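Before any comments, here is the structure.
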Amino acid sequence: MSEHRGLQQWVQEINDLCQPDRIRWCDGSQAEYDALCALMVSTGTFIKLKTATRPNSFYCRSDPADVARVEDRTFVCSRTTDEAGPTNNWRDPDEMRNVLRGLFKGAMKGRTLYVIPYSMGPIGSPISKIGVELTDSPYVVCNMHLMTRVGTKVLEALGAAGEFVKCLHSVGAPLERNQADVAWPCNAQNKYIVHFPDTREIWSFGSGYGGNALLGKKCFSLRIASVMARDEGWLAEHMLILGLTSPQGERKYMAAAFPSACGKTNLAMLVPTLPGWKVECVGDDIAWMKFGPDGRLYAINPEAGFFGVAPGTSMSSNPNALLSLRQNAIFTNCALTPDGDVWWEDMTATPPPQLCDWLRRPWTPDCDRKAAHPNARFTTAARQCPVIDPAWEDPKGVPISAFLFGGRRGTVVPLVNEALSWNHGVFLASVMASETTFAAAGKVGQLRRDPFAMLPVCGYHMGDYFAHWLKIGGMSALEKLPRIYHVNWFRKNGGGRILWPGYGENSRVLKWIFERVSGKGAAVDTPIGRLPAAGALDLTGLNLPAAHTRALLEVDVKGWLDEIPLIREHYAGFGSRLPAGLTAELEALEKRLRG
Ligand code: OXD
Ligand code: MN
């Protein structure tokens with residue numbers, strides 16, 4: 001229980017509305033976590049993995065109708081549709097409240113209402129914020145234990161009158177008396193992920209999966225926090241944070257935004273192939289940043305764990321992620337091996353001879369379907385990562401020297417490009433695009449503009465969001481601001497082959513950026529930005545054909561000119577809220593290209 005009257009009243013109000021059988025205040029203890037895991041084993045939600053292989057770890061399969069974030073069921077209910085902007089589904093807040101009250105009425109019957117006080121960011125950091133999630137899902141409680149800082153210590157920090165974000169969640173599957181539960185309760189047909197930015201509230205109904213249900217993640221840390229950041233003069237971004245240390249022992253921090261499932265977790269924990277360089281991870285998904293007294297931007301990772309895409313994660317693609325998963329992990333929608341461990345596509349070069357797939361069917365390598373769902377996930381505490389950065393919980397945050405933006409682009413966009421100025425960097429990020437993946441429901445492989453990788457997670461009009469970024473650039477001296485880079489690991493040749501080896505070799509690009517922000521590292525000015533000068537990108541030992549290097553660093557004038565009308569069209573979508581500063585950047589680019 002809490003001494004916070006506002007919190008007590010809200011819990012009472014939700015109890016009256018949702019009519020759970022009981023309320024349980026989460027204390028965040030290991031005993032609580034263990035008891036809930038045991039409960040889920042007894043109800044069939046969890047399967048305990050073999051202790052000798054993966055101690056204290058659990059396997060879970062969702063309902064096939066509940067496997068990813070549902071962007072078309074995600075709503076931002078600002079006062080006006082214009083405030084939510086063209087990239088959000090807007091509904092009138094009063095009307096939506098009525099709909100939600102109807103849905104939540106009696107929605108927790110037969111279930112327990114868990115009260116999860118949680119901190120996004122180290123407790124007590126001036127950049128952190130507190131949320132309270134009320135949920136009827138023990139799966140959510142356990143995942144929140146790993147992904148955030150949960151429990152009594154948060155209530156103490158909240159005190160009697162502290163501010164918190166109200167996050168209400170129900171799987172939307174009340175149980176009648178004597179009705180048996182299912183392994184993954186959800187409401188397959190009726191999902192609502194709703195944000196009220198003005199009152200800083202989240203109401204989520206019908207889904208138990210990932211970002212729909214772990215409300216500290218996209219809902220609070222990005223959609224609601226982006227609005228707080230706009231109002232309070234800071235940044236809440238869809239960015240990993242990494243520390244890069246040179247062979248001389250100098251460390252610099254970088255934050256990088258990529259659309260979902262473009263390898264953010266891999267980059268955040270990368271093992272450099274360049275001798276003597278080291279990457280350490282502060283976070284793999286979200287960064288909150290404020291200016292420090294010295295005028296630099298300091299970032300924290302508001303999360304405390306990783307909720308990563310499992311398929312593709314292997315000892316060669318991301319050993320540090322796999323090593324983080326050796327114990328105390330939750331695996332959702334992966335495949336199960338006969339000896340009680342998990343597997344997913346590409347985890348090992350040769351698949352096991354037989355598996356039980358995520359849909360509970362027998363699976364063999366020749367059966368022509370995937371064993372794990374493409375958006376299968378692992379959840380684990382960040383502190384288990386072998387390369388967690390020593391400062392990852394520093395309440396001050398870590399000083400950011402560079403921002404990287406990128407996506408999957410087979411054509412046009414070079415391997416790395418330094419922005420000519422802050423505004424040019426904001427321009428590059430505002431037009432970034434990527435071929436779509438499985439992280440959100442929808443078509444795969446289409447080019448989608450995803451400005452700042454924030455398209456599905458910005459809680460207000462993106463025209464205003466761009467203006468906020470331009471304003472941030474005016475809040476400190478230029479030399480104190482991070483420099484901005486655009487990167488693309490996915491450039492292909494005419495035959496469709498990806499030219500850059502990626503993964504650990506991306507350290508070569510990080511090294512060039514490190515040198516640039518250190519005032520070293522040679523670059524050439526081109527119409528699209530500053531590219532590595534000949535020989536400035538360390539390609540030692542890579543044996544990259546010269547034609548590949550040329551293609552990777554090419555200024556594709558025709559490709560960019562062809563893109564200008566597409567960018568104009570993209571910008572037109574933001575109407576009069578598109579800042580003039582960005583139109584000016586677009587015009588300047590066109591002029592430089594036509595040179
Ligand atoms: C995520 C996502 O889960 O962006 O991080 O989808
Ligand atoms: Mn993400």
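All of these numbers come straight from a predicted model, not from anything done at the bench. In each ligand, atom 1 is the first atom listed, and ligand 1 is the first ligand listed. Just the heavy atoms: all of them, side chains too, but no hydrogens, waters or symmetry mates, feed the values below.
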| field | F452 ring center within less than 6.0 Å of F405 ring center | value |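 Yes, the ring of F405 comes within the 6.0 Å limit of the ring of F452, centre to centre.
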| Ring centers of F46, Y59 separated by less than 6.0 Å | no
| Can you check whether K217 has an N/O within less than 3.5 Å of an N/O in ligand 1? | no
Could you tell me, atom by atom, which parts of ligand 1 come under 4.0 Å of a heavy atom of [X]?
{"X": "K218", "answer": "1 (C), 2 (C), 3 (O), 4 (O), 5 (O)"}
{"X": "R377", "answer": "1 (C), 3 (O), 6 (O)"}
{"X": "H238", "answer": "4 (O)"}
{"X": "R69", "answer": "2 (C), 4 (O), 6 (O)"}
{"X": "D285", "answer": "5 (O)"}

| remark: Restricting D285 to its N/O/S atoms, the closest one to the Mn ion (ligand 2) is OD1
| query | Do R448 and E71 pass the salt bridge (charged side-chain N to carboxylate O under 4.0 Å, His left out) test, and can you show the C-alpha distance, the side-chain angles, and the key distance before you say yes or no? | reply | CA-CA 14 Å; R448 145 163 138 158; E71 290 176 9; 3.1 Å; yes
| request: Kindly confirm or rule out a cation-pi arrangement of K264 over F258, judged by NZ or CZ under 6.0 Å from the six-membered ring centre and within 45° of its axis? | output: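 Ring-cation test returns no.
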| field | Ring-face cation of R91 near F75 (centre distance under 6.0 Å, axis angle within 45°) | value |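 No, R91 does not lie over the aromatic ring of F75.
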| query | Quick one: does K264 get within less than 4.0 Å of ligand 1, heavy atoms only? | reply | no
| W358 side-chain N/O to S62 backbone N/O, donor-acceptor pair under 3.5 Å | no
| task | Answer yes or no as to whether an N/O/S atom of K218 is found below 2.8 Å from the Mn ion (ligand 2). | result |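 Within the cut-off used here (under 2.8 Å), K218 does place an N, O or S atom near the Mn ion (ligand 2).
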| task | Measure the acute angle between the ring planes of W422 and W469, then classify it against the limits of 30° and 60° as parallel, tilted or perpendicular. | result | parallel
